[in-house]
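Below you'll find the structure, written out as C-alpha cells, and then a few comments.
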There are 4 protein chains.
Amino acid sequence: MSVRRDPAGRRRAIVEAACALIAEDGAAALTHRRVAARAGVPLGATTYYFTSLGDLSRAALQHAAEVCAQLLRVWDGRLREGGDPAATLTALCGEYLADRPRALLKTELYTAAARRPELRQAAALWSDGLAGLLAVHAGPDAARAAVFLVDGALLNALTTGRPLDAPAVEAALRALLSPAG
Amino acid sequence: MSVRRDPAGRRRAIVEAACALIAEDGAAALTHRRVAARAGVPLGATTYYFTSLGDLSRAALQHAAEVCAQLLRVWDGRLREGGDPAATLTALCGEYLADRPRALLKTELYTAAARRPELRQAAALWSDGLAGLLAVHAGPDAARAAVFLVDGALLNALTTGRPLDAPAVEAALRALLSPAG
Amino acid sequence: MSVRRDPAGRRRAIVEAACALIAEDGAAALTHRRVAARAGVPLGATTYYFTSLGDLSRAALQHAAEVCAQLLRVWDGRLREGGDPAATLTALCGEYLADRPRALLKTELYTAAARRPELRQAAALWSDGLAGLLAVHAGPDAARAAVFLVDGALLNALTTGRPLDAPAVEAALRALLSPAG
Amino acid sequence: MSVRRDPAGRRRAIVEAACALIAEDGAAALTHRRVAARAGVPLGATTYYFTSLGDLSRAALQHAAEVCAQLLRVWDGRLREGGDPAATLTALCGEYLADRPRALLKTELYTAAARRPELRQAAALWSDGLAGLLAVHAGPDAARAAVFLVDGALLNALTTGRPLDAPAVEAALRALLSPAG
DNA sequence: GATGAATGAGACTTCATTCAT
DNA sequence: GATGAATGAAGTCTCATTCAT
C-alpha cells in the first residue's frame, strides 16, 4: 500500500528494467509488456510514466549512458593507482568485456544515438569522460585517439566474439600515450 | 511475361532491398512488407525465398558485410597510390562518413553480430580485410590496432554527430604505422 | 473454403456491417471489433481491407449515402403516380421516420460530412437528388427550399422525438410547390 | 490559494470547456483529460463534479442548447427591428454559418438527442424558441415550417460545404411567412 | 512455381474510472 | 473536499506466417 505511492521510485524501477532489457536483448526488443513484467508493475504504468515507448527508450538509454559513466570512476581510480597506463587500460578493457550484457549496453546506446540525435549527448559521455581521464597522461589529441582505440577494440571483441587482442591494444596505447606520442 | 523466370535475380533483389532498408532505418525496421515494396516483388516472394524474417535479415546483413568489404578495394587502391598511409587513411575515413546510410550499415551489422553468432564471420570481414591492407605498412599488431582506431573514430563520429577528429586520428595512425611503431 | 476467397464480397460485407452499426449506434460507436463481429469476419480482416478505421468509416458512410439515394427511387415512383405532390411528400416523410435506424443513418452522414470534407459529395447525394425530383413540380429554387423543409422537418422529428408535424409540412410544401410559388 | 473555493464556478468552467470541445471536435472526442486541460482544472475534478463522462457530456450538450437559445435573443431583436422578416431571417442564417464551430454545436446536439432521450428537451429549445419568434409574423404551422426550412438550409450548408442558398431560402420564407401563407 | 488473401497474436496507446492520500 | 497516482480494459493497427489457388 504505502510503497505503491512512490512515483519517483516507480519511474526509476521502470527505467532500470528497460535498461536491463536493452542490455540483455537489445533496444529493438523493448516492449511495454516486457518492461512492465520486468519491473513488476502493471502494463498501464509504463505508459502512465512515459509518453511513448520512444520516450521510455530514450530514458533507458540515457540511464545506460550514466551506468557507463559510472564505470569511468572505477577506471579513474585504477589509472590513478599508478603503473603503466597502457597496461592498466588494457586490463580494464578485459574486465569490461567480462560483463557482456553491460558491455553490449554501450553498443546499443551508440547504435541508437547514430539515428536519434537526442541521444548524442548521452553517447558522448563515455568517450569525453574517458578522454578526460587520459588527458593526464597525454595530450588531448592522443587522449582522444586512445579512446577511439579502446572503443574500436571493445567493439571488435564484442562483434567478432574473439577475445580482446590485448597485446596489440597495449602496444598501441603505449605508443599513443607515451610522452613522445 | 516481361520478367523472365529469374529466381536468383529475384532473391538478390530482395536481399539488396532489405540491405538498403537496414541502412536507412535500421535492422529493427525490417518487415516483409517493406522489403517486398522496396524490391518491387509480391509480398509472397519474401517468404517464398526466405524461411523467415530472421533468415532474410541474416542474408541482408551478410550482404551488408560484403558491401563493406567491397569498399576495401577502393581503400586498397588509394593506399597503394603511395603517400603517407596515415594521411590517406584519415582522408578515407572522412569520405566514408559522407555517405551516412552506408556508414550506418556497418554499425547495424556490428550490433546484430554482437547478439547473433552466425553473423560474427561477416562482421570480421571488414576489420580483417583492413588489417590485411595495413599489414603492408606495419606489423600485424599495429595493423590491427590501427583498425581499432579507425573503427572507433568512425563510430564516435557517427554516434556523437561531431565531425571526424582528423588531426587526432592522423597523428595516432602515424604513430602506430610508423616503422618505429 | 471456396466461399472464403471472395475479396469483393468480403469487403462489401464489412462495409454493410459498418453501415448497419452506424445506423444503430452512431458513427462514433464504430470499432474494428464490432464491425468484425457483425460481419462475421476475423478481427484482422477489417484492417486488411481498410487502411484505417477512418477509411472504413468513410466507406460505410458513402455506402449510407447510396442507401439513402436508393430511397429516392421509391420517392420518385410515388411522386410520379400523380396526386398532390405536397401530400405525397408528407406521407413519404412519415414512412421515412418509421424505420428509425435508417433515418438516423442520414443524420450520421450529415454530422460526419460537416467535419470531413471527403464526405461532402456523399452528403449532397440526397438533397441534390430530391431537389431533382421536385424540380418537375416547381422551379429549382422552390425545389431546393422544399428539400430544406423536408430535411429540417425530418431532423426535428428525429431529435425531439415528436411525431412529424404533418399538417405544417404539407401546407408549407403546398405553398412552396404550387405553381404560384 | 489564489483560487477561492468556488464549486459552482468550477463546475461551470468544466461544462463550458466540454461544450467548447464538442463545438470544435465533436461529442465523440470528449475525454476527461481534454476537458480538464481545457478548463484548467485537475483531472480528478472532472470525475469529482460529474458522475461519469456521459453525465458530463449531457451537461455540456444541455449547455450547448442554452448557448443556441441565447442566440435567439439576438434573432428576436433583429426581427423586431422591422423590415421584411424573410430577408432578416435569411441574413441571420448567413451570419449564423460564419461561426462554424458554434454552428456545428447545434448539429452535435441534434445528433446526440436523436439517440439520447434525455437531450430531447434541450434539442427542442431552439426550434420551439424560433417558432415562437416567428409566430408573430405568421400562424403557428407556418412558423414551425419556417423553422424546419431554416434548420434544413443551415444543415445543408454545413454538410455540403456550399454557401447558404440565400435566394431560395428567402423566397421560400417569404412564401411561408406572407399573410396569405 | 508463385502469389495474395487471410488471420491471430501482439504491439502501442488512450482512457474512464477508482481510490489512497 | 480534492487530487493525481494508478490500472485494466479496450481501442487501433502492424505484421509474420500460412495456405488455397
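The sequence lines fix the lettering, A, B, ..., with proteins before strands; numbering per chain opens at 1. Since the structure is predicted, the reported quantities are computational estimates derived from the model, not experimental observations.
The CZ atom of Arg58(B) lies 8.5 Å from the OG1 atom of Thr51(B); values are rounded to the nearest 0.5 Å.
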Discussion item. The test is side chain to side chain contact (heavy atoms under 4.5 Å, CB included); show your working for Leu105(B) and Cys19(B) and say whether it passes.
Written reply: CA-CA 8 Å; Leu105(B) 195 50; Cys19(B) 192; 3.7 Å; yes

Discussion item. If you apply the rule side chain to side chain contact (heavy atoms under 4.5 Å, CB included), what do you find for Arg102(A) with Cys68(A), and how did you get there?
Written reply: CA-CA 8 Å; Arg102(A) 193 193 52 192; Cys68(A) 292; 6.0 Å; no

Worksheet item: How would DNA chain E look in dot-bracket form, 5' to 3', counting Watson-Crick and G-U wobble pairs with both distances under 3.5 Å and writing | for bases paired to another strand?
Response: .||||||||||||||||||||

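Around CD of Gln121(C), the count of heavy atoms belonging to other residues, nucleotides or ligands within 6.0 Å does not exceed 12.
Side-chain N/O atoms of Arg10(A) include one lying less than 4.0 angstrom from OP1 or OP2 on dT7(F).
Residues Arg34(A) and Thr31(A) meet the side-chain proximity criterion, which asks for heavy atoms closer than 4.5 Å. Residues Gln62(B) and Leu109(B) have side chains not in contact (no heavy-atom distance under 4.5 Å, counting atoms from C-beta outward).
Whole-Å rounding puts the Arg11(D) CZ to dG1(F) P distance at 14 Å. Straight-line distance from the CD1 atom of Ile14(D) to the C1' atom of dT3(F): 12 Å, rounded to whole Å. What separates CG of Leu43(C) from P of dC13(F) is a distance of 11 Å, to the nearest Å.
No donor-acceptor pair under 3.5 Å is formed between the side chain of Arg38(C) and the backbone N or O of Glu16(C). No donor-acceptor pair closer than 3.5 Å links the side chain of Arg120(A) to the backbone N or O of Ala114(A).
Side-chain contact of Thr46(B) with Arg33(B): a donor-acceptor pair under 3.5 Å is absent, judged by distance alone. Side-chain contact, Thr111(D) with Thr111(C): a donor N or O sits under 3.5 Å from an acceptor N or O.
DNA chain E is contacted by Thr47(D), Ser52(D), Leu53(D) of residues 46-54 of chain D, taking any non-hydrogen atom closer than 4.0 Å. Sorted by residue number, the members of residues 16-42 of chain A with any non-hydrogen atom under 4.0 Å from DNA chain F read Pro42(A).
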